[in-house]
Amino acid sequence: MRSAFLLLLTACALAAAPPDLPLGDFRLPPKSLFSKAMPRYPNAWVYLDASLAPNYESAVKLITGELRKSLRLREYYPPFDNPEGCDFEGRHEHLQPWQDPAQPKLQHAHSFHMRYYYSDLARQKLDRVQLGGRSFYRLAISVHYEVEHGNPLHADVESCPLCGRTGPYAGLKGNLVELVHDPLGLELLLHGTIRGQTVRFEDWEQREVGSVDGLRPAFTVEKHEFPALQGDRNTYRIGIVVLTPRPR
């Protein structure tokens with residue numbers, strides 16, 4: 001099952017990323033660049049055309065502000081429980097409540113959170129790179145999906161059909177966060193879904209949580225996905241979002 005799933009992910013990645021723009025073109029830095037408190041390589045990166053911001057500080061404010069509006073995120077700044085060396089994070093709680101009558105003690109809802117890392121990039125002067133002959137600012141994000149923070153079961157329920165080692169992830173051996181929580185969070189960020197199911201807020205409106213597609217009124221949005229788990233990239237998939245000016 002694992003080999004079939006890897007082939008499927010590779011095929012999806014090749015379909016999502018044009019063959020003339022491989023992962024190497026994005027010039028991702030090594031994990032050692034970041035704080036030692038960060039346990040996993042950032043699995044989501046946003047590249048912003050440098051013409052859209054006068055400097056890196058403005059670029060960060062623009063990217064994080066647009067993501068906050070697009071996904072209706074609540075923001076949290078350290079100190080808070082286990083920030084993993086991030087600058088700050090955006091979060092949703094109580095998504096997709098799961099109940100199984102056969103396992104009442106395992107019932108829980110879910111948390112989606114994305115931790116932003118930009119200070120380390122700026123400190124090492126790796127906040128701005130060339131991509132396709134154009135200059136871009138970039139921002140690193142660690143995004144994942146797990147048992148919500150207020151539940152005693154946080155963060156892992158292996159048997160959960162939503163955030164657990166189930167379905168196409170069932171045959172994967174290793175760290176649950178790297179192999180399941182990370183790619184699920186990336187799926188929600190890029191597509192607004194978990195395992196192909198649209199995620200909605202648990203309120204009377206049942207609005208969609210959304211995705212980076214909500215940035216399209218402000219930017220042209222290009223999405224790429226690549227298999228990871230190579231070298232120091234200890235996360236299952238890496239997603240890259242490229243934001244450029246909308247055509248006039």
Visitor: According to salt bridge (Lys or Arg N to Asp or Glu O under 4.0 Å), who are the partners of R207, at least two apart in sequence or on a separate chain?
Guide: D203, E205
Visitor: Determine, step by step, whether T166 and R195 satisfy the side-chain contact (heavy atoms from CB on, under 4.5 Å) criterion, reporting the C-alpha distance in whole Å, the side-chain angles of both residues, the deciding distance to 0.1 Å, and the verdict.
Guide: CA-CA 10 Å; T166 54; R195 301 180 188 247; 3.4 Å; yes
Visitor: By ring-ring contact (aromatic ring centres under 6.0 Å, His included), which residues pair with W45, not counting sequence neighbours?
Guide: none
Visitor: Apply side chain to side chain donor-acceptor pair (under 3.5 Å) to D100 and list each qualifying residue two or more places apart in sequence or on a separate chain.
Guide: Q103
Visitor: Applying ring-ring contact (aromatic ring centres under 6.0 Å, His included), name anything that partners Y47, two or more places apart in sequence or on another chain.
Guide: F26
Visitor: Which ring pair (Phe, Tyr, Trp, His ring centres under 6.0 Å) pairs, counting each pair once, include a residue from residues 190-211, with sequence neighbours left out?
Guide: H92-F201
Visitor: Which pairs count as salt bridge (Lys or Arg N to Asp or Glu O under 4.0 Å) when at least one residue sits in residues 180-193, sequence neighbours excluded?
Guide: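 Residue pairs with at least one partner in residues 180-193: R40-D182.
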Visitor: Could you label the plane-to-plane angle of the H113 and H144 rings as parallel, tilted or perpendicular, counting under 30° as parallel and over 60° as perpendicular?
Guide: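 Perpendicular: the ring planes of H113 and H144 meet at over 60°.
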Visitor: Got a sec, which residues hit ring-ring contact (aromatic ring centres under 6.0 Å, His included) with H154, two or more places apart in sequence or on another chain?
Guide: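 ring-ring contact (aromatic ring centres under 6.0 Å, His included) check on H154 returns H149.
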Visitor: Using links of under 4.5 Å between side-chain heavy atoms of ILVMFWY residues, direct or through other members, which residues join F80 in one cluster?
Guide: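 Direct or chained contacts put F80 with Y76.
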Visitor: Answer yes when R91 and E93 have at least one side-chain N-carboxylate O distance shorter than 4.0 Å, and no when they do not.
Guide: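 Here R91 pairs with E93 in a salt bridge, since their nearest N and O are under 4.0 Å apart.
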Visitor: Taking salt bridge (Lys or Arg N to Asp or Glu O under 4.0 Å) as the test, write out the residues that go with R134, two or more places apart.
Guide: D49
Visitor: Which pairs with one or both residues in residues 141-161 pass salt bridge (Lys or Arg N to Asp or Glu O under 4.0 Å), sequence neighbours excluded?
Guide: E158-R165
Visitor: Between N151 (side chain only) and H110 (backbone N and O only), is there a donor and an acceptor less than 3.5 Å apart?
Guide: no
Visitor: Mind checking what makes salt bridge (Lys or Arg N to Asp or Glu O under 4.0 Å) contact with R115, not counting sequence neighbours?
Guide: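 If we apply the salt bridge (Lys or Arg N to Asp or Glu O under 4.0 Å) test to R115, skipping adjacent residues, the hits are E84, E89.
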Visitor: Please name all residues satisfying salt bridge (Lys or Arg N to Asp or Glu O under 4.0 Å) with D81, sequence neighbours left out, ordered by chain then number.
Guide: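 If we apply the salt bridge (Lys or Arg N to Asp or Glu O under 4.0 Å) test to D81, skipping adjacent residues, there are no hits.
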